[in-house]
4 protein chains.
Amino acid sequence: MSGNTLGTLFCVTNFGESHGPAIGCVIDGCPPGMPLTEADIQADLDRRRPGTSRHVTQRNEPDRVEILSGVYEGQTTGTPIALLIRNTDQRSKDYHEIAQSFRPGHADYSYWQKYGIRDPRGGGRSSARLTAPTVAAGAVARKWLALHYGTQIRACMTQLGELPIPFEGWEYVPQNPFFAPVADVARYEEYMDALRKTGDSCGARIRVQATGVPVGLGEPIYDKLDADIAHAMMGLNAVKGVEIGAGFASVAQRGSTHGDALTPQGFRGNNAGGVLGGISTGQDIEVSLAIKPTSSILTPRESIDIRGHSTEVITKGRHDPCVGIRAAPIAEALLAIVLMDHALRHRAQCGDVTPPLAPIPAAAY
Amino acid sequence: MSGNTLGTLFCVTNFGESHGPAIGCVIDGCPPGMPLTEADIQADLDRRRPGTSRHVTQRNEPDRVEILSGVYEGQTTGTPIALLIRNTDQRSKDYHEIAQSFRPGHADYSYWQKYGIRDPRGGGRSSARLTAPTVAAGAVARKWLALHYGTQIRACMTQLGELPIPFEGWEYVPQNPFFAPVADVARYEEYMDALRKTGDSCGARIRVQATGVPVGLGEPIYDKLDADIAHAMMGLNAVKGVEIGAGFASVAQRGSTHGDALTPQGFRGNNAGGVLGGISTGQDIEVSLAIKPTSSILTPRESIDIRGHSTEVITKGRHDPCVGIRAAPIAEALLAIVLMDHALRHRAQCGDVTPPLAPIPAAAY
Amino acid sequence: MSGNTLGTLFCVTNFGESHGPAIGCVIDGCPPGMPLTEADIQADLDRRRPGTSRHVTQRNEPDRVEILSGVYEGQTTGTPIALLIRNTDQRSKDYHEIAQSFRPGHADYSYWQKYGIRDPRGGGRSSARLTAPTVAAGAVARKWLALHYGTQIRACMTQLGELPIPFEGWEYVPQNPFFAPVADVARYEEYMDALRKTGDSCGARIRVQATGVPVGLGEPIYDKLDADIAHAMMGLNAVKGVEIGAGFASVAQRGSTHGDALTPQGFRGNNAGGVLGGISTGQDIEVSLAIKPTSSILTPRESIDIRGHSTEVITKGRHDPCVGIRAAPIAEALLAIVLMDHALRHRAQCGDVTPPLAPIPAAAY
Amino acid sequence: MSGNTLGTLFCVTNFGESHGPAIGCVIDGCPPGMPLTEADIQADLDRRRPGTSRHVTQRNEPDRVEILSGVYEGQTTGTPIALLIRNTDQRSKDYHEIAQSFRPGHADYSYWQKYGIRDPRGGGRSSARLTAPTVAAGAVARKWLALHYGTQIRACMTQLGELPIPFEGWEYVPQNPFFAPVADVARYEEYMDALRKTGDSCGARIRVQATGVPVGLGEPIYDKLDADIAHAMMGLNAVKGVEIGAGFASVAQRGSTHGDALTPQGFRGNNAGGVLGGISTGQDIEVSLAIKPTSSILTPRESIDIRGHSTEVITKGRHDPCVGIRAAPIAEALLAIVLMDHALRHRAQCGDVTPPLAPIPAAAY
C-alpha cells in the first residue's frame, strides 16, 4: 500500500518536500456535485500558515492553493481533485552544515538509514510543511461533512508546556495565535517570549472535537473509528500520544461511572468520547493529543555525523519554538478526513440500513 | 477496504462471533520456508486464555488452534495460513434478556444502529473473545521477527485501577496472573477480590516493549510506524489511549532534554520510544495503553431498550472485572503484527538499501 | 496487499490447498440484513462439483459448506462470513513421483522458484479445487445482486476444442454436463470420449452474461468495471484470454458500426458488452473467456526435474480432460463478485446521485 | 480503494481532465537511490505525443513533464514522485454542442448517469489524454526494471483494421508512425488516408512483450501476474480484449502441444506467454490487445440528448481515426508498471528466497 495515502474511499495522496518545487495532494473518491472553490480551501490553509505571529516560524510562504483537476463549473465531478501549492520562500543555505550530521529528535537519522539518501533542506519530506496538503484536503472533507450531517470540527490548545489552559469558550479560539479557548492569553505570550530567548522549546496538548456526527461510523474490528483517528493523529508530526474521551483517566475510573448511561433524552456523559465498540454513537467525538517539544532548537546538542563520529549540532534557521501552536487546524483536518472516509465506508456497506431507533441525542445534560 | 483485515503485506483477516460455531483468522503474505506448528501458536493462546485465574472470566474455552492451510511438512509455503478455533463453552441463555436493551459502555447500541441487526450473545463480534485470532496471528509474526532480527516483544501491567505497579523485572511477569513485573502481587489480589465483591470494575495501564527492532521500519508520512502501532492498539477492545515513548509527559518537557542525543555508543535516552519521523531508530519500541474499566458489571445501570424507552440494565453471566488483566499478550501480538507488516513493506521498497551507517546501539546508558 | 483477496469493499479472502485439511474463504463487507443459509451456497457448489459426469475428474468431494460466522438467525450481520469446506477425498499417493519434477503447463516450476517450497499434492494451492471457495462467495454476491437489482448471471460454453457450439437457448444449459446452450450434446460427448481415450486434452470458450445491471458501476480510470472483470477472469485457472462485447472482432470493425447507437427505447446493439468508459451502461454485460487445454494429461511430456536435469513426466491420478467443462459456474461467481464490489463502491461515492436520466433500456431490438 | 491508483506497492495515482489546467500523477513506493531526470520521462512521452504524424490527432500538446518532488540531486529519495504536465492547447469551443447529447461508443452517457455531472470538454476524464501520466510513470518503472533485471519492454502493431501486419523485426518499429514491425508501411498509410476521407475509424491489435523478466513474479490466486496485466490493459481506453501467450488460439489446441516443455537449455515454446499458475516463468511475457475503432468520427450517429430525446450526433474537433496507432507506448508503460509492482511484492514476501534452481533460459529454440 501507499504509505503516503490516507483513507480507503476518500483517499488523500500527499506529495512534496519542504524545499522542493511544490507540495500538494490528490484527493480521490470525493463525491460529485459538491460546490468547491480555491477559497473554500484557502481559508483553512491561512489558519495554518507560518509567519502569522511572532510565536511561530518566520518562513513566509503564502501557501496559495491551485485546483488542477476534479472540479468543473464550480462543482466536484467525482474525479480526482489535485491541489498544488508552490514553495516560494525556501532558504536552502541555512541547511548546508546540517546535511553532515543528524539532529537529535528529528527524522534525519532514521530517514538516512531507511532510504540511504535524504533531502536535508528544511527537513525534506519529514518537515511539518507537509501538513499543508493535509489541511487542504481536510477542507474538502469538512465541507462535505457539514453539508451532509451538520458536522462541526474544532480544535484548541489545552496545555502549553507545563501550563494548563482552562476552557472558557470556543469563541476565543480564533482570536489569539495560540488557538487557546480563553479571553486573555497574556500569560502564554510571556511564557513563549521567555522560552524563545532561551532558544529552547516546549510541547502542547491539543483537544479536537467533532459535533453532529451520525451514529454508525466505524469498521470493526480493525478499522474502528477510534483506531483510525489514532492512526491519523499519531501520524501528525511531533505527536507522542492520543486519547479518546476519558483517555488515560479511564484507568482509575470504575465501570459504574465510566460507562455513559443512555436515556431517551441523550447520553448522560461522554467518557466514551463518541465511540463505542469502534463505532460512533452520536456523542461528540473528543480526542486529545500530546505534542512533543520541537527538536529544532538553538542550544547545542550532542549527536553523531554521517560517518558515525561524535559531533555537536546547532540548528539554525527558522523554527517553531512550539509546533503545537499551529497544530489545531491540522488536527481538525485529520479528523475531518477520517470521518469523511468512514462516512463513505458506512454508506457502502450499510447504505440500505436506517438506524432501527431514532438516534438518541448526544447529551442529556 | 476490509475493516476486518489488519496489515497490508502481512495481512490478518479475523472472523467469528463470541457464540458462533468458530472464530479464527487467515494470514496472507507470510514468507515461505519458516517452521511452524500448532504448538508455536498454542503457547501464546494459552497465555491469553480465559479461566486461568479467579481474577478473570470464568468461561472455559480450551482455545485449541487448528492450522487448516499454508503449512506443508512443517514449513510455511507462502500461501494463506488459515487458523481455526472452535467455540465450545457458549452459554447463550445468559443473554436472553439483554437482547432487548443496550448495556452502557458496550457496543450494543452502536452495532444495532449501524447494522440494523446484532448478535447479542456474549457480545457477538464486539466481544474480547475475538482477540484470540489476533493472538494466534501474532504468534506467527513474533516467530518470524525473532528469527530474522532477534526481536523480542514483552508486555506488562504498569497500573491497576488507581494503583501504580513499579517495575522490578520482566522475569516476574509470567509468574503471576496480572502480568505484573513485580515479585509480590498480594496487594493487587486483595484489591481485585474487594472489587469483585462490589460487582464493579477498574481499568489498567499496559506497557508493551519491543527490543531488537531494526532501523528503518515505517512508511511516512501517513503509515508511520507509530501511527500504525496506535491504530492497532486503539483498536483493541477497551483501549482509550495510546502513548509512544515519553507520551503525554512530552508536553511539559523541553526540546533540549526530550530529543534523545546520539553517540557512537548509542542513544542517550528513549523519549522517542523507538520511532522518529515515523521510522524506527533501533531504540526499543516503548508503547503504553490505557484500558478502560469493563462495562460488564453486576451493578444496575440506567439505559434504554430497543424501542428507545428508559430501562435498567443488569449484566449477568461471566465477565472480567478488569479486562486489562489479559491484555498484555494481546498487545504483544498486535505489536508483532505491525512490526512484521512494516518489515515486509520496508523490504519491498528498500530491499537494496544497506543502512549507510552501522546502526548505533539502542542505548548508551 | 493480500494476493489472496478479491475485491475492495466486498472482499473475498480465499485459503486452502487441494490436499490440506480444508479450503474456504472469508467474505468481508457483505451488507447486513440479507437472508442467507448454507443451502443458498450449496446449490452453486453442487453445480461446480467434481464427479458429476464421466467427462470430468473423478475425485469425489461432497464440498459441503459450513457457515462459521457472519450470520445470525438466518440473516447476515455485516460481520465477516467465514465459509469452510473440508477436504475428504484426497489421494495423496498419486503425487509421490511428481514432487521430483515439473509438469509442463502447470504451476509446479513457477511456484517452486518463487517460494522455494511447494505442496505438490493435487497441485497444492494452484489446483482448480480452490475455485470452490470462490463459487461459494459468488453465491452470496449473486443473491444480493438479484435482490437489489434483479441482476441475473449466466454462463455457457460456446466452443469445445475446435467445435463451435451454437446458441439455442439458456434453458438447455442446466440439462447437460457441458453447460452448452443446445438441446442435443451427443456430438460433444463423442468428441470428449474420443479425446479421453487418447489421454490428451482440449480447451474451451466460455460466455458469461449479466442482465439487469444498473448503470454507473465502475471506477475509472484504473478500476474500470471491465478492467476488474478482466482481472478476475484472467485469474481463473487456465484462462488465457478475456474479451468484452465485440472483443477481438472490434479490431476489424468501423467506428460507424461498432459504437452502439442510443435511442429512447434502448441501445441498438451491444458491441460495448455493457461497459463504456469503464462504467456500466445498463446494457447486458457480455464476457468471453479462452480456456487452455488442461496440462494434466496422460501422454508423456519432456521436462526437467528439481535438480535441473532432463526427464520425462507422466501425470497419473484424476484429471479433467477439459477443465472448461466446469468453468461456467466459476465464471458466473467471479462476475457476481466483481459486480457486487462495484455496486458497493458506487454506492460509497455516488450514493446521493440519482441518474439524471431514467436509464434507457438495455436493448431496443 | 482509490479507482485512480494503479498498483499496490509501486502506486501510480493519476489525475486531470483533458481540458483542465493540468494532468499528472503521483508515484509512491519507488525505491530510493535511482538516477532520474525529466529527460528519462520525456523520451517516452514524446513517443506517445499527439500531433506527430498526419495519421493521429492534430491537437498540439508539448506534454512537457515537470518533476515536483521525490528526486534530490538527481536521485529518487523514496518519497512520492509527483509529475506534472500542463495542458496548453485546449480548444474548448469545439465541444459546446456536444454537452447536450451523448456520443455513441463514448463514456458520455455512463459518466453522466454515474456522477450526475460531467466535464464534456475533450472527453473530460475519459479522454485518452489521461494516458500521458501513465506513460510518465511507466518510464520510471521501465528504468528500474532495466537496471535491476535487464528487462526490456516493447510493443508493436500486429493488425490495422482488417489488415494483418507481419513481423519483420523490432528495429522497424521506431521508424514509422504506426509502431509497425515492418520496413515498408505504404500500404497502411494508404489505408489510413482512405479511411480519414470517409470520416470513419478502425481498430487495431497491439502486441506487447517483455524480455528479461525474472521468475517468480505474481501473487496467486487473485493477484496473478497475468490477471494484473489483463486488469491494466483492459483498463486502457478502447481496449476490448486481452490475451496472454496463445490466447484464444489455446481453445483449439491440445494439452500435449500447448504446455511448453522444459529442458535444461530452456523452454521449447511459449504458449504460456511467460506466466504459469499466475507466476512468471522467465519466458518472455507476451500480451496481445484488441483496440476498438474510435467512436469519435465525423459521420452522424443516432443518439439521445440529456433529456432522453432522440437526436443526431456529429463529432467535430480533433480526433484519432485509429487510436491504436498511439497505443504501443502506453501498453509498454502499463506492462512496466505491473511488472514493477510485482517485483516489489515478490521482494516483500520472498526476499529471502533464492530460486532453488538456476532459472532455465527463456527459450531453447
Most contact-rich option vs chain B, by heavy-atom pairs under 4.5 angstrom, among A:S126, A:G277, A:A261, is A:A261

Hey, can you pull the donor-acceptor pairs under 3.5 Å for the side chains in residues 241-248 of chain B, sequence neighbours left out?
{"unit_1": "B:E243", "atom_1": "OE1", "unit_2": "B:R205", "atom_2": "NH1", "d": "3.1"}
{"unit_1": "B:E243", "atom_1": "OE2", "unit_2": "B:F248", "atom_2": "N", "d": "2.9"}

From the list B:G218, B:G161, B:A107, B:C202, the residue making the most non-hydrogen contacts under 4.5 Å with chain A is B:G161

When rounded to the nearest 0.5 Å, the distance separating CE of B:M233 from CE of A:M234 is 10.0 Å

Partner of A:P356 under side-chain contact (heavy atoms from CB on, under 4.5 Å), picked from B:R118, B:R307, B:Q113, is B:Q113

Paired with A:Y222, the side chain to side chain donor-acceptor pair (under 3.5 Å) test is passed by just one of B:T13, B:N4, B:T5, B:T134, namely B:T134

So CD of B:Q253 and NZ of A:K240: to nearest 0.5 Å the spacing works out to 10.0 Å

Whatever's closer than 4.5 Å to a heavy atom in chain A on B:N271 counts as backbone

Taken to the nearest 0.5 Å, the spacing of A:H231 NE2 from B:D226 CG works out to 9.5 Å

Most contact-rich option vs chain A, by heavy-atom pairs under 4.5 angstrom, among B:L130, B:I360, B:V287, is B:I360

Turns out that what part of B:I117 lies under 4.5 Å from chain A's heavy atoms comes down to neither

Under 4.5 Å to a heavy atom of chain B? For A:P214 that would be neither

Okay, A:I306 and chain B: the region with an atom under 4.5 Å from a heavy atom over there is backbone

Whatever's closer than 4.5 Å to a heavy atom in chain A on B:A249 counts as neither

Whatever's closer than 4.5 Å to a heavy atom in chain A on B:D200 counts as side chain

In this structure, CH2 of B:W112 is separated from CG of A:L357 (nearest 0.5 Å) by 8.5 Å

Highest number of heavy-atom pairs under 4.5 Å with chain B among A:S288, A:P220, A:G116 belongs to A:P220

Cut-off 4.5 Å, heavy atoms of chain B, and the answer for A:T299 is side chain

Residue from B:A204, B:G199, B:G324 scoring the most non-hydrogen pairs under 4.5 Å with chain A is B:A204

So, the part of A:I221 with a heavy atom under 4.5 Å from chain B: the answer is both

A:F15 meets the ring-ring contact (aromatic ring centres under 6.0 Å, His included) criterion, sequence neighbours left out, with none

Applying a strict 4.5 Å limit to non-hydrogen atoms, the region of B:Y111 in contact with chain A is both

Okay, B:D305 and chain A: the region with an atom under 4.5 Å from a heavy atom over there is backbone

Whatever's closer than 4.5 Å to a heavy atom in chain B on A:D108 counts as neither

The interface call for B:Q265 against chain A, heavy-atom contacts under 4.5 Å, is neither

In terms of heavy-atom pairs under 4.5 Å with chain B, the winner among A:Q159, A:K292, A:R254, A:E162 is A:R254

Bottom line for B:K224: the part with an atom under 4.5 Å from chain A's heavy atoms is side chain

Bottom line for A:R301: the part with an atom under 4.5 Å from chain B's heavy atoms is side chain

Bottom line for A:A238: the part with an atom under 4.5 Å from chain B's heavy atoms is neither

Cut-off 4.5 Å, heavy atoms of chain B, and the answer for A:V275 is backbone

Counting heavy-atom pairs under 4.5 Å with chain B, the top scorer among A:G282, A:S280, A:S310, A:A232 is A:S310

Closest heavy-atom pair, B:P293 versus A:S250, reported as atoms and distance to 0.1 Å, is CD-O, 3.2 Å

Looking only at A:N237, A:T198, A:T263, A:T257, most heavy-atom pairs under 4.5 Å shared with chain B are made by A:T263

Exercise. State, with a plain yes or no, whether a side-chain heavy atom of B:Y115 is found less than 4.5 Å away from one of A:I279.
Key: yes

If you tally heavy-atom pairs under 4.5 Å between each of B:G255, B:P359, B:S295, B:G308 and chain A, the highest tally belongs to B:G255

Scored by heavy-atom pairs under 4.5 Å with chain B, the best of A:G278, A:C350, A:S256 is A:S256

Scored by heavy-atom pairs under 4.5 Å with chain A, the best of B:A348, B:P104, B:P300, B:G273 is B:P104

Cut-off 4.5 Å, heavy atoms of chain B, and the answer for A:L195 is side chain

Rounded to the nearest 0.5 angstrom, the CG-OH distance for A:L262 and B:Y109 is 7.0 Å

Rounded to the nearest 0.5 Å, the CZ atom of B:F267 sits from the CD atom of A:E302 at a distance of 12.0 Å

